[in-house]
Protein chains: 2
Amino acid sequence: MLNIFNSEMDFIIDWERKNMDVTMKDVAKLAGVSLSTVSRVLNDSSLVREETARKVKKAVDKLDYQINDSARILRTNTSNLIGVIGAGMERPFLANLLKGIEAEARERGFALIYGDSDGELEKEQSYLNIMKQKKIDGIILITTNYYNDLLSIVKNYKIPVVFASGYINDPEISCVTVDNVAAAYDVVEYLCQVGHQDIAFIKGPDLDLLASQERLRGVKLALRLSDIEYDPKRFIEGDFTFESGYSAAKKIINKFPDVTAIFAFNDEMAVGVISYLKEHNIKVPEDISVVGFDGIELGKYIDPALTTIKQSGYQLGLRSIEILNRVINQEKIEDNKVFIPHKLVVRESTNKLNEFTTNKEVISNNRG
Amino acid sequence: MLNIFNSEMDFIIDWERKNMDVTMKDVAKLAGVSLSTVSRVLNDSSLVREETARKVKKAVDKLDYQINDSARILRTNTSNLIGVIGAGMERPFLANLLKGIEAEARERGFALIYGDSDGELEKEQSYLNIMKQKKIDGIILITTNYYNDLLSIVKNYKIPVVFASGYINDPEISCVTVDNVAAAYDVVEYLCQVGHQDIAFIKGPDLDLLASQERLRGVKLALRLSDIEYDPKRFIEGDFTFESGYSAAKKIINKFPDVTAIFAFNDEMAVGVISYLKEHNIKVPEDISVVGFDGIELGKYIDPALTTIKQSGYQLGLRSIEILNRVINQEKIEDNKVFIPHKLVVRESTNKLNEFTTNKEVISNNRG
DNA sequence: AAAATTAATGAAATGGTTTTCAAGCTTCTG
DNA sequence: CAGAAGCTTGAAAACCATTTCATTAATTTT
């Protein structure tokens with residue numbers, strides 16, 4: 001008995017001295033079993049005697065054994081790795097989306113490999129290649145532009161994919177997103193209901209086919225139903241930054257001095273708008289109402305607090321991983337277009353036309 | 001010649017039919033050379049004839065060969081993978097930091113594996129394990145809490161590491177950060193210079209030993225030099241969110257109704273403060289001056305525009321990878337504590353005590 | 001108690017690269 | 001022209017885990 005203990009110690013000390021990586025072979029040796037048995041214990045195989053398993057686990061602990069992931073991936077061809085390709089992830093909404101993705105991936109035993117494409121197809125391709133080489137199990141795309149090219153590449157690669165925060169009209173592709181059409185519709189409908197007829201819009205980049213174009217559709221639909229003429233000139237192109245909201249507001253005020261409401265397709269641009277208007281002594285909401293989109297935290301703390309469509313990036317992230325996991329497991333997915341809830345949150349930046357009372361915060365019913 | 005062409009085609013078509021992964025073996029076969037030669041060509045080895053290399057490259061293109069990364073990692077023990085463990089990465093400053101890390105890592109041929117620890121030691125450990133199993137070449141830590149425990153683990157793991165956005169007083173550990181002491185000092189010095197004596201502070205979580213504690217040191221130093229008594233009660237603990245700034249402001253106003261300035265240790269909390277003050281008809285900066293820290297984009301667009309310390313998260317990210325790369329390559333690093341520049345940006349949220357003019361934006365000299 | 005099952009284990013093949021070592025070719029030197 | 005030296009190339013080992021197949025041990029059945 002003492003002998004065994006001594007040789008065990010020698011073994012371990014030997015390792016420390018050499019400072020090498022511990023492999024399954026070492027564990028097997030220390031536990032006095034074969035490689036196969038160690039592997040079985042590590043993978044919770046049922047066909048190993050309890051006592052043997054205990055021995056092995058003890059050896060694993062003693063040696064502080066860590067699996068060599070590359071070897072496992074090489075053999076099994078599955079990596080427990082999910083790729084995330086995003087663009088503009090520093091935007092608060094998308095940062096929260098990433099956080100949700102991360103949390104749920106972690107929960108399900110996936111690690112994340114992350115790349116920012118800046119919306120450039122070339123970078124997206126390059127990341128796709130790298131990720132493929134790393135044998136990712138699936139991929140989440142949070143990208144907005146050029147989706148046609150990218151899509152064909154992804155399909156060609158035959159990697160399970162989920163588009164997060166974007167709707168793609170292709171029955172093979174799973175998407176998780178807010179219902180941009182309905183949400184944008186809600187905004188315009190609300191503005192019309194409180195009397196606004198002369199509305200200007202700040203959309204996203206024209207290349208953004210996934211979110212901005214959908215919101216545009218919702219707007220057009222609502223305008224039609226409210227018998228307001230669709231005037232393309234009233235749609236200024238922004239890029240979802242504060243700055244672009246600011247400068248879009250400038251254009252709007254110069255070209256359409258009579259607008260009573262501005263709907264920016266995200267909150268940052270709306271904040272930019274408010275900043276410009278206040279700077280030029282245009283009162284929000286008394287002179288002009290402003291609506292944003294996303295419902296980022298910030299909206300509650302600016303003055304006036306921002307009316308917006310609230311959606312949860314974090315939830316969107318969770319759902320995306322959930323769906324992706326189903327695709328990876330080849331589960332049947334009844335409906336691969338998933339819409340997360342949204343709410344129109346009316347705060348202080350909007351007002352009934354020509355009234356000067358301050359709204360209290362009202363939350364409309366969920367329409368998602 | 002025709003024969004060769006035909007057999008080539010057959011070969012390729014065969015692959016497409018079977019839809020299997022192309023390996024080096026296939027490339028070798030098609031090119032009519034050995035595995036070793038293919039490997040050499042792929043790794044730009046100099047000792048291969050140009051003509052042979054051409055043949056191989058042609059075969060690679062034809063078959064659209066992609067390397068199997070796991071096999072390569074298994075053999076070489078280097079992954080070109082950098083781990084990033086962060087906490088609270090949805091904060092704009094840190095989101096930009098991640099963007100910088102990503103950009104520079106990409107530039108240098110590294111991919112990123114990313115985990116959010118929520119500042120929990122357990123998760124940090126868990127990610128560290130996973131990343132070690134994946135044989136990451138190095139790791140960037142953007143974490144704030146518990147650093148003592150974490151540090152010993154990291155050191156024990158012997159993985160090249162850089163702490164980004166945090167200073168650690170350990171000569172072995174590389175850090176890239178703004179000089180928090182100097183920057184906080186600058187803020188207080190400025191406030192004192194314009195006449196403020198009664199200042200309240202909103203610090204970060206007490207667990208944050210990397211940024212908040214350093215800023216605290218800078219504040220104390222400046223107070224001492226300005227002959228202002230250090231009163232711990234005037235330091236309210238926040239957690240870097242809008243909300244915590246808002247509620248900290250409430251506490252401050254209730255307990256210390258005579259403060260003339262509030263210095264929040266980040267911009268979001270400062271925005272929360274301003275929100276609270278305006279809501280309670282306390283004018284900023286006429287009644288109370290407010291200063292933030294970080295210089296996030298938003299600060300320019302709120303009303304009043306925020307006086308703050310500006311530092312670039314993106315630059316911080318770039319530098320972090322640069323330093324990490326040096327550590328990985330075991331280059332000698334003359335000084336492993338790197339400070340990125342910072343500026344005190346005076347905007348509209350601060351004022352000379354008892355004056356009511358509006359400041360124009362003034363940018364002080366870089367002190368970093 | 002012998003035969004037939006079933007359970008537990010081990011040996012060896014496998015996955016796709018890199019790298020060492022040796023061998024085959026060229027080319028150069030004397 | 002023989003031998004040395006330098007280029008190119010290929011064969012085979014190594015990296016570390018998983019998994020199939022065969023074998024041995026334990027249990028049940030007759």
Side-chain angles (χ1 to χ4, degrees), chain A residues 15 18-57 59-60 63-81 129-130 132-137, chain B residues 15 18-57 59-60 63-81 129-130 132-137:
Chain A
W15 273 118
K18 285 198 282 177
N19 187 27
M20 288 177 60
D21 274 349
V22 177
T23 74
M24 267 182 41
K25 204 169 155 188
D26 308 310
V27 175
K29 207 164 159 191
L30 179 59
V33 297
S34 74
L35 271 184
S36 338
T37 303
V38 176
S39 174
R40 281 192 271 257
V41 172
L42 260 33
N43 293 293
D44 298 312
S45 166
S46 53
L47 28 67
V48 53
R49 211 155 33 127
E50 206 180 314
E51 194 199 320
T52 321
R54 230 184 352 254
K55 269 197 304 185
V56 171
K57 278 175 190 156
V60 166
L63 296 175
D64 191 25
Y65 167 75
Q66 304 258 59
I67 197 174
N68 182 321
D69 220 38
S70 323
R72 192 187 55 71
I73 298 172
L74 175 60
R75 190 62 233 264
T76 62
N77 231 21
T78 108
S79 61
N80 300 323
L81 209 51
N129 266 323
I130 292 172
K132 204 189 172 197
Q133 291 170 358
K134 297 202 180 292
K135 297 270 184 275
I136 52 169
D137 291 343
Chain B
W15 273 120
K18 287 198 281 180
N19 188 27
M20 287 177 60
D21 275 348
V22 177
T23 73
M24 267 181 42
K25 207 168 154 187
D26 307 311
V27 175
K29 206 165 159 192
L30 179 58
V33 298
S34 73
L35 272 184
S36 339
T37 303
V38 176
S39 174
R40 282 192 270 257
V41 172
L42 261 33
N43 293 294
D44 298 312
S45 166
S46 54
L47 29 68
V48 52
R49 212 158 30 129
E50 205 180 315
E51 194 198 320
T52 320
R54 232 187 347 256
K55 270 198 301 185
V56 172
K57 279 175 189 157
V60 166
L63 297 174
D64 192 24
Y65 166 76
Q66 304 259 59
I67 197 173
N68 182 321
D69 219 38
S70 323
R72 191 187 55 73
I73 297 173
L74 174 60
R75 187 59 232 257
T76 61
N77 231 19
T78 107
S79 61
N80 300 323
L81 209 51
N129 267 324
I130 293 173
K132 203 189 173 198
Q133 291 170 358
K134 296 200 181 295
K135 297 270 184 276
I136 51 167
D137 292 343

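A quick note: this is a predicted structure, and the numbers were derived from the prediction, not measured. Convention: sequence-line order gives letters A, B, ...; per-chain numbering from 1.
For the OP1/OP2 pair of D:dA17 and a distance below 4.0 Å, the side-chain nitrogens and oxygens of A:Y65 include at least one atom meeting the criterion. Contact annotation: B:N77 side-chain N/O to D:dC15 OP1/OP2 distance is not under 4.0 Å. Between A:S36 and C:dG10, a side-chain N or O to OP1/OP2 separation shorter than 4.0 Å is absent.
Backbone-only contact: B:V33 has heavy atoms under 4.0 Å from sugar-phosphate atoms and none from a base. Heavy atoms of B:D69 sit nowhere under 4.0 angstrom from any nucleic acid atom. As judged by a 4.0 angstrom heavy-atom cut-off over every strand, B:T76 is placed among residues touching the sugar-phosphate backbone only. B:T52 comes within 4.0 angstrom of sugar-phosphate atoms only, judged by non-hydrogen atoms across all strands, and of no base.
Judged by atom type and distance alone, A:R72 does not reach the base of D:dT18 through any side-chain donor-acceptor pair under 3.5 Å. Not a single donor-acceptor pair, N or O on each side, falls under 3.5 Å between the base of C:dA8 and the side chain of A:T37. For A:R49 and C:dA8, a side-chain-to-base donor-acceptor distance below 3.5 Å is absent, hydrogens and geometry of angles not being considered. A donor-acceptor contact under 3.5 Å is not formed by the side chain of A:T23 with the base of D:dA17.
Residue B:R40 places its side chain closer to C:dT20 than to any other of D:dT8, C:dG16, C:dT20. Side chain of A:V48, nearest nucleotide from C:dT9, C:dG10, C:dT17: C:dT9. Between C:dG15, D:dG10, C:dT18, one nucleotide has an atom nearer to the side chain of B:S34 than all others, and that is D:dG10. Distance from the side chain of A:I67 is smallest for D:dA17 among the nucleotides C:dG10, D:dA17, D:dG10.
In this structure the side chain of A:R72 reaches within 4.5 angstrom of the side chain of A:T78, judged on heavy atoms. A:D64 places none of its side-chain heavy atoms less than 4.5 Å from the side chain of A:V22.
Taking atom CZ of residue B:R75 and atom P of nucleotide C:dG16, one finds them 16 Å apart after rounding to whole Å. Rounded to whole Å, the distance from NZ on B:K132 to P on D:dC16 is 13 Å.
Checking B:V56, B:D21, B:L42, B:D26 one by one against B:Y65, the side chain to side chain contact (heavy atoms under 4.5 Å, CB included) holds for a single residue, B:L42.
A:S39 and A:S36 share no side-chain donor-acceptor pair at under 3.5 Å.
With rounding to the nearest 0.5 Å, the separation of CZ in B:R54 from NZ in B:K57 is 9.0 Å.
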